[in-house]
**Q** 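Would you mind keeping the following structure in view while I ask a few things?
This one's a predicted model, so the numbers in the text were calculated from it and none came from an experiment.
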Number of protein chains: 4
Amino acid sequence: MTTVGFIGLGVMGSPMSIHLVRAGFDVVGFNRTAAKTAALVEAGGRAAASVGEAVASAEVVALMLPDTPDVVGVLSGPQGVFTHARAGALIIDFSTIRPDVTAELAGNAADHGLRYLDAPVSGGEAGAKAGTLSVMVGGDAADVAEAQAIFDAVGTTIVHVGPHGAGQTVKAANQLIVAGTIELMAEALVFLEAHGVDTDAALDVLGGGLAGSRVLEQKRTNMLTRTFDPGFRIDLHHKDLGIVLDAARQAEVVTPVTALVAQLMAAARAAGDGSLDHSALLRTVERLSGR
Amino acid sequence: MTTVGFIGLGVMGSPMSIHLVRAGFDVVGFNRTAAKTAALVEAGGRAAASVGEAVASAEVVALMLPDTPDVVGVLSGPQGVFTHARAGALIIDFSTIRPDVTAELAGNAADHGLRYLDAPVSGGEAGAKAGTLSVMVGGDAADVAEAQAIFDAVGTTIVHVGPHGAGQTVKAANQLIVAGTIELMAEALVFLEAHGVDTDAALDVLGGGLAGSRVLEQKRTNMLTRTFDPGFRIDLHHKDLGIVLDAARQAEVVTPVTALVAQLMAAARAAGDGSLDHSALLRTVERLSGR
Amino acid sequence: MTTVGFIGLGVMGSPMSIHLVRAGFDVVGFNRTAAKTAALVEAGGRAAASVGEAVASAEVVALMLPDTPDVVGVLSGPQGVFTHARAGALIIDFSTIRPDVTAELAGNAADHGLRYLDAPVSGGEAGAKAGTLSVMVGGDAADVAEAQAIFDAVGTTIVHVGPHGAGQTVKAANQLIVAGTIELMAEALVFLEAHGVDTDAALDVLGGGLAGSRVLEQKRTNMLTRTFDPGFRIDLHHKDLGIVLDAARQAEVVTPVTALVAQLMAAARAAGDGSLDHSALLRTVERLSGR
Amino acid sequence: MTTVGFIGLGVMGSPMSIHLVRAGFDVVGFNRTAAKTAALVEAGGRAAASVGEAVASAEVVALMLPDTPDVVGVLSGPQGVFTHARAGALIIDFSTIRPDVTAELAGNAADHGLRYLDAPVSGGEAGAKAGTLSVMVGGDAADVAEAQAIFDAVGTTIVHVGPHGAGQTVKAANQLIVAGTIELMAEALVFLEAHGVDTDAALDVLGGGLAGSRVLEQKRTNMLTRTFDPGFRIDLHHKDLGIVLDAARQAEVVTPVTALVAQLMAAARAAGDGSLDHSALLRTVERLSGR
C-alpha cells in the first residue's frame, strides 16, 4: 500500500486527498490550519502535525498550495520536504505556480535524491469533488507512469506534456485562454443587452457555431443571472495571470490581448470582486460601460 | 412553387441558392459578374440579367452581398429592389452588415410595401456548401415563420433573436467572440511553442477543459500546420470588426479587448494576410514575437 | 471691408467672431439658437436669421460647428451655403470633422464655384477668447494667403499643412496625442499616489525631463486638485477619437494604444463624466483601480 | 576631501564619476570590465580591483548598475558593499531598479550601520556627459542634504520625492510616461504619413499646442529621419517597463495603456531593435501597419 503525504487540504486539496483514500492509498495529510484535516481523517486518512511528519514515510508527496512562495517554503524551508522526505520519494506538485521556479525546484529535488512532477489541474472545485480534473503533467516519463494511479484517482484527462515545468506552462496557457474567453463573453453579453437583444436566444445560436466554447456553456447561467458564487475566484485568476505574463516575458513572447485581460482582471479585484467567480469579470465590463 | 430572387452568388450565395433549388424553390439569380450564375443554372435555377429582372416575379428576395454599401445600393439604388419588387414581397438579407443601417432599411422596405428580415449566417463556406449554416434572424415573427422553409434549406440552427437589426447584432457578437478566441489561441500557441512544450498534447488537455472551444477544435490543424487557406478571410473579419466597433460605440458599450483584437486583425491585413483564413491571425502574434 | 458670414456662435465661435469684428471685418453671424448672436451684435457685428442671409453678401464664410453632420447640413442642405453663397466665396471650416468628408466637401464647393479651406483649431475656449488658437490649415496656398488676416485675428500659430483635408488630419493627430498623454498622466498619478509619493515634488522632476509635456503643465492643477471644469469636454474628445479611428482605418494604419485610449474615453463618458474636462480621464483610471 | 567609491562605470557611470572628480571628490572606481576605469583614472580618479577595495575608505558609495539583481549582488553579495563599507557610510544608488527591493535594501543597509538613498536619474547619456541629469531622490532628508554636493556635480534638477524607494517609484512613473509618449508620437506620425501630410509642418503646429512634449522636441529628428542611434536603448526601457508593471501590480493600480505599451516595447525588442534608441518604437508601429 503506497503512502502519500498530502500537503495543503484546502478547497481543492481536501477532496483530492479523499479520492486518494478511496482509491486505496494510505494518505497522511497536513494543513497549516489543522482543522482542515478533519474531512480526510473521517474518510479514512491520517492527520500529521507537521510537514516532516506527513512526508517521513511517504513514497509520494503531493502538494496543493496557493502560490509559488508557498510551494518554495514547504519544499525548501528549514522544516521542509527536501530535508524530511524519504530517499527516492516522488514529489507531485498539483499547485499552479511559476514554470521557471518549477524547473528550479525539480533540479533541487534531484540534488536531494528526490523525484519531481509538476501536475497542475483544471476543472475547479467541482472537478476536484467529482474526481474529474484534467491534469497537465511535466517531468520524466517513468515518473509519470509510476504516478498514473494517483492521477487516475483525481482526474479523468491526464496528459504528459513535456519535461519539468511543461505542466505549469500548459496550465498558464489554460488560464490565459479561459480568462480571455470570459472577457470576450462579457463584452458580447453587454453588447447584446445594450442593443436589447434576447440574450438567451442569442447564446443558443452563438453556442451552436464557431463562437461556441466551454466557457459559454458552463458560465452562461452565472453570467445571465449575475450569480457569481465561486467556482474559481478572481483573486486566484489574477494571481495566475501574473504567472502567465512573467512566463511570456521570460520567453520573449508578445501577448497584447492577455496583457489587457490581466489589467481588467486586476480591475475586477480592485473593485472588490476578488472572491467572486471569475465569470464576474462581466461586472467590470458593465462598470466600464456605465451599466 | 415559391419564386426566390437571389442577389449575390459568390462563395456563400452560390451554394445557398443551389440548396434552395434542391428544396424545390424556383430560384432566379443575379450576380454582378454574370459568369457566377452558371452553377445555379446548372443546378436547375435561372439567371437574370439585372436586379430588376431577378426580383420582378419573386415572392422572396434573398441577398448575400459583401458589405453595407452593397446592400444599400442593391435595395435603394435607382435600379434596385425597392422599386422593382412585387408588392408584399419578403426581403431576406443574409449579408453581414451594420445593424443600424439594417433597421433603417427595414423601415424603407415597409415604406415601399415590402417586408424585411435580416438573417446573417455563420458557418462559413463549408456550412454554406453543406447546408448547415446557423441563421440569426431579426424581424417580425410572422415573416420568420413564413421564411422557415427557406432557412431550413440553407441551415440547421435557425434562431429568431429579436426585431429588425437583432440578427445583425447577434452576428456582430459572433464575430467579436470568434476573432477574440482566435487571438487567444494564437497567443497561447506562440507561448507554448516558445517554451518548447508539445503543443499537440497541450491542445488535447486544453481542449478537454474550460479552455475548450469550437475555434480550438476547428482551427487547431490550420494553426499547428500553418495552413491558412480560407475558410473565412481576414479581410472579411476586418470588415466585420469595423461593424462591431461602430455598433458598440452607438450603444455606448465599452469593449476594450475587442478594440485591441480589431487592431491586430488590421495588422494582419496590413501585413498582406487579408486573403488568408482568419486563423492566420497567428502570424501577427508570431511577427510581434519575432518568431 | 471684407464681409464674413459666421455660422456657429457657440463657446468657440462666439469669441472667434468677435475677434474678427475687432480686426476690422464686417461679420454677419448665424446660430441655430438665435440668442447666441447677442454677444457678436454687442461687439459690433450683425445677426442673420438664416444661413442664407448670413452668407448672401459674404466674401468669406466661416463655420464653427460641433460635428461632421452639422457641417454637411449647413453646407449641402436645401437652405445651405452651397446654394446661397456668392460666386467665388471662400469657405473656412474651423470645425473638427472627418478628413475624408472634408475632402469631399471641398470638391463639392468647387462644383458650386466656391473655394474651401479646412482650418480646425486647438487651444480650446481659453485660446478662442484670447485669440491665441493654433490653426491647422488644409487647402490651396493662394486661398491660405488670402485668409491670413482672418487666421491672424483668431490665432497665433497658423500652419498650412497640406491639401484639402490635411488640416483635419493634423487635428486628428493632435487629439490622438492629447488624449493619450492625459491617460498616461492619469496612470502615472494614480501609480504615484498608490505608492504614497509626494506627487507635487514628483511632477516637478517629471516635468523637468523627457516626461515633460504641455499636458503635464496645463492639466497638472486640474488633476492634482480633481477640479474638472471644462476646458475641453470629454464628450467632444470622445467624438474626436471616433474621427481619429475612422481615419486610421481608412488609411490602414494600426494604432493600438489610441484604440485603447478611445475605449477609456468612452468609459469616462459612460460613467457620466462627459461634460467634465478631458483631464477627468483620471477618474476612469481611479475607478479601474478601485480608488 | 570626501572619498567616493563608484561602482559601475558604464555609459552613464563613467561620465558621472568624472564629474565628481572635477567637483573635487576623491573618486575610487570599480567596474567588472576593468578597462572601463581608464577614463576615470585619466580624469584624476583612481581604479580599484574589487568592490571591497573601492569602498573600504569611502564616506560615500555610489552605484550605477544595469538592473535589480546587479545592485543586490554588489550590495549583499559575499564580497559586497554591506560587508566592506565603513561604518556610517552613505550609499547612493543611481541605478533604476525595483522600488520594493530598494526599500528592502535600505533596511538591510541600516542593519549594517549604513545609510541609503535611492537616486535614479533621467536625462540619458547626454545628460550624464553634460552633468545635467534630473535626480529623483528617496530617503531621509538629512542624508539628502549631506549628498547635495554629489547630486549637484552630476545633475541640475534634484528633487527629494519621499522615503526610501520613492525615488525609484518616481523614476518608474517617468519611464511609463516617456514610453507611452513615444508610442503616441509613433502612432501619430505613421497616421500623418499614411495620409500624405507634410509631417514637418504638422509637428510644428502640434508642438506649439497641447500636444507638445519634450519627447516631440527631442525625438522629432530621430523619428522623421529614422536615425535611431541611442540615446536610451529599447532593451533598457523594456527592462524598466517590467519594473513599472510589477510595481503597479503590487500597489493594485490598473494601468491598461502602460501594459499595452510594454507589449509593444517587447515587440520592438523581439524584432531585433533592442539596441536602438527607444524612439525606434516607431518601427514597431510601422511594421504593424505594413509600412
**Q** Which donor-acceptor pairs lie under 3.5 Å between chain D and chain C?
**A**
from     : atom 1 : to       : atom 2 : distance (Å)
D/Val161 : O      : C/Asp198 : N      : 3.4
D/Glu187 : OE1    : C/Thr258 : N      : 3.0
D/Glu187 : OE1    : C/Thr258 : OG1    : 2.5
D/Glu187 : OE2    : C/Val257 : N      : 2.9
D/His195 : NE2    : C/Ala247 : O      : 3.3
D/Asp198 : N      : C/Val161 : O      : 3.4
D/Gly207 : O      : C/Arg214 : NH2    : 3.0
D/Gly208 : O      : C/Arg214 : NH1    : 3.2
D/Gly212 : O      : C/Arg214 : N      : 2.9
D/Arg214 : N      : C/Gly212 : O      : 2.9
D/Arg214 : NH1    : C/Gly208 : O      : 3.2
D/Arg214 : NH2    : C/Gly207 : O      : 2.9
D/Ala247 : O      : C/His195 : NE2    : 3.3
D/Val254 : N      : C/Ser289 : OG     : 2.8
D/Val257 : N      : C/Glu187 : OE2    : 2.9
D/Thr258 : N      : C/Glu187 : OE1    : 3.0
D/Thr258 : OG1    : C/Glu187 : OE1    : 2.6
D/Ser289 : OG     : C/Val254 : N      : 2.8

**Q** So which part of C/Val254 gets closer than 4.5 Å to some heavy atom of chain D, the side chain, the backbone, both or neither?
**A** both
**Q** C/Phe191 and D/Val244: which non-hydrogen atoms are nearest, and at how many Å?
**A** CE1-O, 3.7 Å
**Q** Of all heavy-atom pairs between D/Val161 and C/Val197, which one has the smallest distance, and what is that distance?
**A** O-CG1, 3.8 Å
**Q** Out of C/Leu260, C/Leu216, C/Leu210, which one racks up the most heavy-atom pairs below 4.5 Å with chain D?
**A** C/Leu210
**Q** Could you tell me which portion of D/Leu264 (side chain, backbone, both or neither) has an atom closer than 4.5 angstrom to a non-hydrogen atom of chain C?
**A** side chain
**Q** Hey, mind stepping through C/Val257 and D/Val261 against side-chain contact (heavy atoms from CB on, under 4.5 Å) and telling me if it holds?
**A** CA-CA 7 Å; C/Val257 165; D/Val261 169; 3.8 Å; yes
**Q** When heavy-atom pairs shorter than 4.5 Å are enumerated against chain C, which of D/Ala172, D/Gly162, D/Ala251, D/Ala179 gives the highest number?
**A** D/Ala251
**Q** Highest number of heavy-atom pairs under 4.5 Å with chain C: which of D/Ala194, D/Ala166, D/Gly208?
**A** D/Gly208
**Q** What part of C/Ala247 is in contact with chain D, defined as an atom under 4.5 angstrom from a non-hydrogen atom: side chain, backbone, both or neither?
**A** both
**Q** Any ring-ring contact (aromatic ring centres under 6.0 Å, His included) pairs touching residues 134-153 of chain C, not counting sequence neighbours?
**A** none
**Q** Verify side-chain contact (heavy atoms from CB on, under 4.5 Å) between C/Val205 and D/Val170, making sure each step is shown before the conclusion.
**A** CA-CA 9 Å; C/Val205 66; D/Val170 174; 3.7 Å; yes
**Q** Write down the atom of D/Leu288, the atom of C/Pro256, and the distance for their closest heavy-atom approach.
**A** CD1-CG, 4.1 Å
**Q** Considering only heavy atoms from C-beta outward, does the side chain of C/Leu184 approach that of D/Leu184 to under 4.5 Å?
**A** yes
